[in-house]
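What follows is a short report on a single structure.
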Amino acid sequence: MEFALTDEQRMLDESLRGYLARELPLETLKALAREGQGVSEKHWRELAELGVAGLMVPAEHGGAGLGVLDAAVAAEALGYAGAPVAFAGPAVMAPLAVSLMASAAQQAEWLPRMAAGEMRVAVAFAGGTGQTGRADVTLDGTTLSGAIDGVLDAAGATHVLTILPDGRAALAEVRGSGVTGEVKPTLDRTRPLSQVTFDKAPVAVLDASNDAAAAARRVRDAGRVMLAADTLGAAQAMLDKAVAYAKERVQFGRVIASFQAIKHMSAEMATELEPCRAMVWYAAHAADAIPEDAHVAACHAKAHVAEVGRFVQTKATEVHGGMGFTELMGLELWYKRISLDRHMLGSPERCRHEAAVAQGWVAG
Amino acid sequence: MEFALTDEQRMLDESLRGYLARELPLETLKALAREGQGVSEKHWRELAELGVAGLMVPAEHGGAGLGVLDAAVAAEALGYAGAPVAFAGPAVMAPLAVSLMASAAQQAEWLPRMAAGEMRVAVAFAGGTGQTGRADVTLDGTTLSGAIDGVLDAAGATHVLTILPDGRAALAEVRGSGVTGEVKPTLDRTRPLSQVTFDKAPVAVLDASNDAAAAARRVRDAGRVMLAADTLGAAQAMLDKAVAYAKERVQFGRVIASFQAIKHMSAEMATELEPCRAMVWYAAHAADAIPEDAHVAACHAKAHVAEVGRFVQTKATEVHGGMGFTELMGLELWYKRISLDRHMLGSPERCRHEAAVAQGWVAG
Amino acid sequence: MDLSYSDRYRALQAEVRAFIATHRDRSPSAVGVRRKPDAAILAWQQLLVEKGYAARTIPTRYGGYGGEPDVMEAAIIAEEFSKAGVAAGIASQGISMLVPTLLEVGTEAQRERWIRPTIRGEVIWCQGYSEPGAGSDLANVQTRAVLDGDHFVVNGQKIWTSSAHYADWMFLLCRTEPEKPKHHGLSYLLLSMKTPGIEVRPLKTMTGKSTFNEVFFTDVRVPADQIVMGRGDGWTVANITLKYERMMLGDANKFMHRVHRIRELMEGTTIDGERLIDKPEWRDRLVRLQGEVMASKYHQMRLLTQQAQGVDPGLGRMIVKLYGTEMGYRLSALAVDVYGAAGLVFDPHDDMTGGADDAATSWHVDHMYDLGLIIGGGSSQIQKNIISERGLGMPREPKPAAR
Amino acid sequence: MDLSYSDRYRALQAEVRAFIATHRDRSPSAVGVRRKPDAAILAWQQLLVEKGYAARTIPTRYGGYGGEPDVMEAAIIAEEFSKAGVAAGIASQGISMLVPTLLEVGTEAQRERWIRPTIRGEVIWCQGYSEPGAGSDLANVQTRAVLDGDHFVVNGQKIWTSSAHYADWMFLLCRTEPEKPKHHGLSYLLLSMKTPGIEVRPLKTMTGKSTFNEVFFTDVRVPADQIVMGRGDGWTVANITLKYERMMLGDANKFMHRVHRIRELMEGTTIDGERLIDKPEWRDRLVRLQGEVMASKYHQMRLLTQQAQGVDPGLGRMIVKLYGTEMGYRLSALAVDVYGAAGLVFDPHDDMTGGADDAATSWHVDHMYDLGLIIGGGSSQIQKNIISERGLGMPREPKPAAR
């Protein structure tokens, strides 16, 4: 038994963190967030070159052929850096959905382009996630109509893959006829949400799965694990920043890190956060290898890490005092990142409800 | 507008606290609790002489003719002292029920004896409170059959007044035929609960109220306010003891009250607890004078003070360290008192549900 | 316990209601929020001062109404204006903090010069206290003022100066006696914001709004007679000022209003076809918060009574800031959660320029601002120090040994 | 990430399962809980030592099995015994704490004298550390031991001594060099509980049980060679002992088992005809706790791997006690709440005499005991000091200035 990352996963983690530390200094990140649309084409391109876009694409289609756990490692690193790039959609949910649901021909057509970062697919759920906002589309043959709010990773995307409540999926081109993607000013300026409208948009239907509903659930669970991993990274960043700040900030003639109140707040954050890492790893590993546990683990990871994230985002800001409340130190970027993750693909309450249903504690 | 106790209420408070401080030293209280049945006849008798038993009995029947707010002041003082006496039943709910539900002849017969402390009436609810345990009785003409668990204040009682879900009420003599009251060993050794069984027990039916259900609700609400007041007093006692202990206990060469961790725990307790006092006063005053607010206020007071009570019982014990975990300082008597209050006449969850129903937020 | 008003108070209540009924059309829609009062606001303020609904207890010789201090009267007036949704007069740091400070320790000349225009809204003040290195540890103020002839020359930096971008004057805490122990080296100066050498820079917070400023001083010359009390008395004066800040009660009615707004939100938000208000795990969270709000509401009524009776509420008052700000943050957190993903569209307008935020943005702004309230004005950690030391009589932390 | 076992471990697992299947009839129902092991327990213990399922890594020359240290093996053995509900050998402070301490710093004579009977359960030890005035501040121990010829003479008092009423021996932290600084004046003695002058008094806790004792020493004579390491080394030795205490992992499976027991309770408890499991405000609380338990479960698997790999988990280990005890208290609180009034019948049996508690009493006892666990073994406050200082590198509190 080895409950640990492999050497390859650790290398992936280090290389990503190294790249992000070099290429995404705080001032760059703040500037990107200030511009409002947030997502950075440059960083997406460079990350794609590092293999991030093709992480989950099977090797025979030009990807790295890695799993959800590898993706979770990357998501944590991106969350830690506050990276203004799309990830959960085009690099995780979309390749997984295509692998699970698309025909061999569709896979052969799309997956290599996705691995290259050239085809960037946002994933939109038309219900079933518990996410608030409009999610109302109908698939009529090969055309799609309706609207979905709060679509992650659609800014800069080339395609939107819509997953219907019954598990069917439909791929539309963002620049295709009948598709409107409106990027909305979003709380997290580094990951804006979009409102996507379809008006008899022509789509490619993905219907090669034997059990479409199960496949859709796997895609959604993978997305939830990514959001949990992202929050984990962002919360770890906030904790690290709080501890570092407390060691420097002097009040009453002492560094505030020497006050028991600050020390204990920091200890409480660390105590809540550290076990989240193993939880995210397990949920991701279960998505790859333990199908009977995967759904419950994903729901729990999403819910629990979101609750811990709220605790850490609050207390870490408090440790920073007034500076944490300003935009000066950029701390708020991570605060807002954690907030966004919480609300996407189902609230903690919703995810806990699903965990209860999946365990047979209550009827669905 | 005067949101304050009257001089009379303050005097009642002082005289009760004075009596209890004199006549219930810690060693006496610990000895009473150790004996197991807990309730002290001596203290009941003396408190009755001080007018506590007749507090709520109308003046024309030999009582003090006071209200629920006066009773709440007394309940807080009793909770503060950890007094091993019956109160919410015989001194509050029973006289209120008789005043609201009994015929003039019944009132004239019972109330003077209740005021004298000679007739000691426990109140048992046959459902409708959300309290767990059996509560299953049927009234057939003038006989009662069935069983009720977890009856407060029945140890040493002369009568049990059973309030049925529809609001009808029936008074039985504890020593009468067909009535069995079994005092159970109870978490709070100073206020044991009883299991009362009726086997075709002859009862006097109270049916003089125009709106029996509303009257029953008023009785239950008054009971809930008493439990909240009791918890308030007990939690204040635990906080006071924790602060006093922290000022004496030396570790690492300092009194532990000088450590920020201990100071902040104490400050948090005080901050949560202090507003509970005004809340209990309001709920009690509303029971006396603001019928449209009374039910919601009682539910909220019971629920909120119970939650604060749990916080204080935990943290005050922690401040005491190992000593708080032993029986040596008697702190556990107040801990258990708060636990008992929480579970009686409906959990916090149940009371909040009723508050939501009463405000029309959800169907009942 | 008597929750009705006596005749005198009922009369005042009726009078205020009649006034509002008659004059509500002249009420400006918002008063003194992040911008300089315009003509309509000034006219309204003048009317309120005349009637005694603003500056009620300021002596007539300084332009006020000359009423006796009576917290119950103040509460009635505030409640009626709040219930009617009518502007209650300018709420500025000059009126709430500087004016009572001048009345307490200012010279007669200072009172005559500044109180009248301040209460009329013609002079707006900002507060020059906090510095980057003097937050929780306010006495650590480093902004220097050196006497040069009959002027102090000020150099340094202030932060969190909320109305600096339109204020006319500032009350400033600065260091004049650097050789003295830190609490004894401070002075309290009044200075015009038009003095050369002052630079005001907006400070953007996480809410996306520039509710605050930084203020930089470079050789700013302040006439020496614009000092309140003497040199080295700054800490004393600042604490008098802060005493008046702390006397402004938090408003529990505002929190109860929030509870009902969230209830409405929960009635209007559905997930998979079910309203959130009908989901007990959501509803219970709201009802639980309502209980906390109710406790604070009655606690405030109790405090008000104590104040009216001249009783020092002691601990009862010390807990208000901690209790209220922590509760407020939990309340807005629930609202934000109810909106969920649909509430993440976030488009805040800048205070300086104005414009209305949509409802979800407002809740997110409020939620973050509530965190700012936990941090500012004496953080929760500082409040707990105060409560435990002054309220519970626990010892101050021992001073560290010199190394 | 590979959650399966390698061949070697699978073989061990199969071996343990076969052993249990063959021998489970000989397993005593409970082992070493608050009373002296009887003949059945001793026989079982001896069998386990022979097979290497107890004392696995103790060298054969001291009576052990002589296995290489391997946390994975230890975990597999523990898990199989736990799953099968079969007694896993005596869990005593002598075996878990004193024996490894003697192996690390004891003399050869000490090891030969005490290890064999200890691991066989023939000698039971108790721990003489805490005192009324030395709880969190353990180094403040005041029990004195004065050398008189070839004996130490011990006077003083210990508290929280769990098995003192039946233990044969005690490892004792006491002060032998009162003139030295407090951490340097301690020694670590081993003494027979049959020595004259020892009085053991049961200490009743809030659970109603006497799980602990107070121990009083009056002129108790201890041979001078029964000291571990030298005079003044007591603090060092005690910390070695505590290191082994801390290495015993909390058992997340136990917590998960609790979650399911509470779920069953909620399925069996109705209020007004509705099962609590069907009330979402109750169910959500349980599911939320399940999430916390899951996090701790996987965290423990991660720690186990790190230990097996010889990696120091650092902060990851430091948080275990705080996380587990606070979570445990919340879990038992939920159980107690589910019982509600019906669970207030409370009739605990004394540990010393035995007898089974009813289910509701057990949960209340557990709930209060969980609070004891928060307080004991380094309270949550002490844990937070450790985590912030050693885990996060934050400075120790400054020493107070002399007054």
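First the proteins, then the strands, lettered A, B, ... as listed; each starts at 1. Heavy-atom basis, side chains included; hydrogens, waters and symmetry copies ignored.
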Between [X] and chain A, which part of the residue has a heavy atom less than 4.5 Å away: side chain, backbone, both or neither?
X        : result
D:Leu392 : both
D:Gln290 : both
D:Met72  : side chain
D:Arg283 : side chain
D:Arg263 : side chain
D:Gln381 : both

What's the separation between atom [atom1] in [X] and atom [atom2] in [Y], rounded to the nearest 0.5 Å?
X        : Y        : atom1 : atom2 : answer
D:Glu73  : D:Arg56  : CD    : CZ    : 4.0 Å
A:Arg310 : A:Asp341 : CZ    : CG    : 12.5 Å
D:Met301 : A:Glu2   : CE    : CD    : 11.5 Å
D:Lys279 : D:Thr270 : NZ    : OG1   : 9.0 Å

Between [X] and [Y], does any side-chain N to carboxylate O distance fall below 4.0 Å?
X        : Y        : answer
D:Arg8   : D:Asp70  : yes
D:Asp284 : D:Arg288 : no
A:Glu354 : A:Arg224 : yes

Find the one option among [options] whose heavy-atom pairs under 4.5 Å with chain D are most numerous.
options                              : value
A:Glu274, A:Met1, A:His285, A:His304 : A:Met1
A:Pro275, A:Ala4, A:Cys299, A:Ala267 : A:Pro275
A:Glu272, A:Arg254, A:Glu349         : A:Arg254
A:Lys247, A:Met279, A:His300         : A:His300

In terms of heavy-atom proximity below 4.5 Å to chain D, should [X] be classed as side chain, backbone, both, or neither?
X        : result
A:Lys263 : both
A:His264 : both
A:Ile290 : side chain
A:Ala355 : side chain
A:Val255 : side chain
A:Ala284 : neither

Handout entry: Side-chain donor-acceptor pair present, D:Glu326, D:Ser380, cut-off under 3.5 Å
Key =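 The answer is yes; a qualifying pair exists.
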Handout entry: Pair A:Gln236, A:Arg277: side-chain N/O donor-acceptor within cut-off below 3.5 Å
Key =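 Yes, a side-chain donor-acceptor pair sits under 3.5 Å.
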Counting heavy-atom pairs under 4.5 Å with chain A, which one of [options] comes out on top?
options                                : result
D:Pro280, D:Ala75, D:Gly393            : D:Gly393
D:Met294, D:Glu267, D:Met1, D:Arg275   : D:Met1
D:Met394, D:Arg302, D:His299, D:Lys297 : D:Arg302

Problem - side chain to side chain donor-acceptor pair (under 3.5 Å) assessment of D:Asn385 paired with A:Gln260 - result: CA-CA 8 Å; D:Asn385 284 349; A:Gln260 214 178 15; 3.3 Å; yes
Practice task
Report the C-alpha distance between D:Ser332 and D:Asp366 in whole Å, list the side-chain angles of each, state the deciding distance to 0.1 Å, and finish with yes or no for side chain to side chain donor-acceptor pair (under 3.5 Å).
Solution key: CA-CA 7 Å; D:Ser332 49; D:Asp366 281 355; over 6 Å; no
Exercise for the section: Report the C-alpha separation of A:Glu318 and A:Lys315 in whole Å, then their side-chain angles, then the decisive distance to 0.1 Å, and conclude whether the salt bridge (Lys or Arg N to Asp or Glu O under 4.0 Å) test is met. Expected result: CA-CA 5 Å; A:Glu318 282 190 53; A:Lys315 293 297 163 186; 3.3 Å; yes
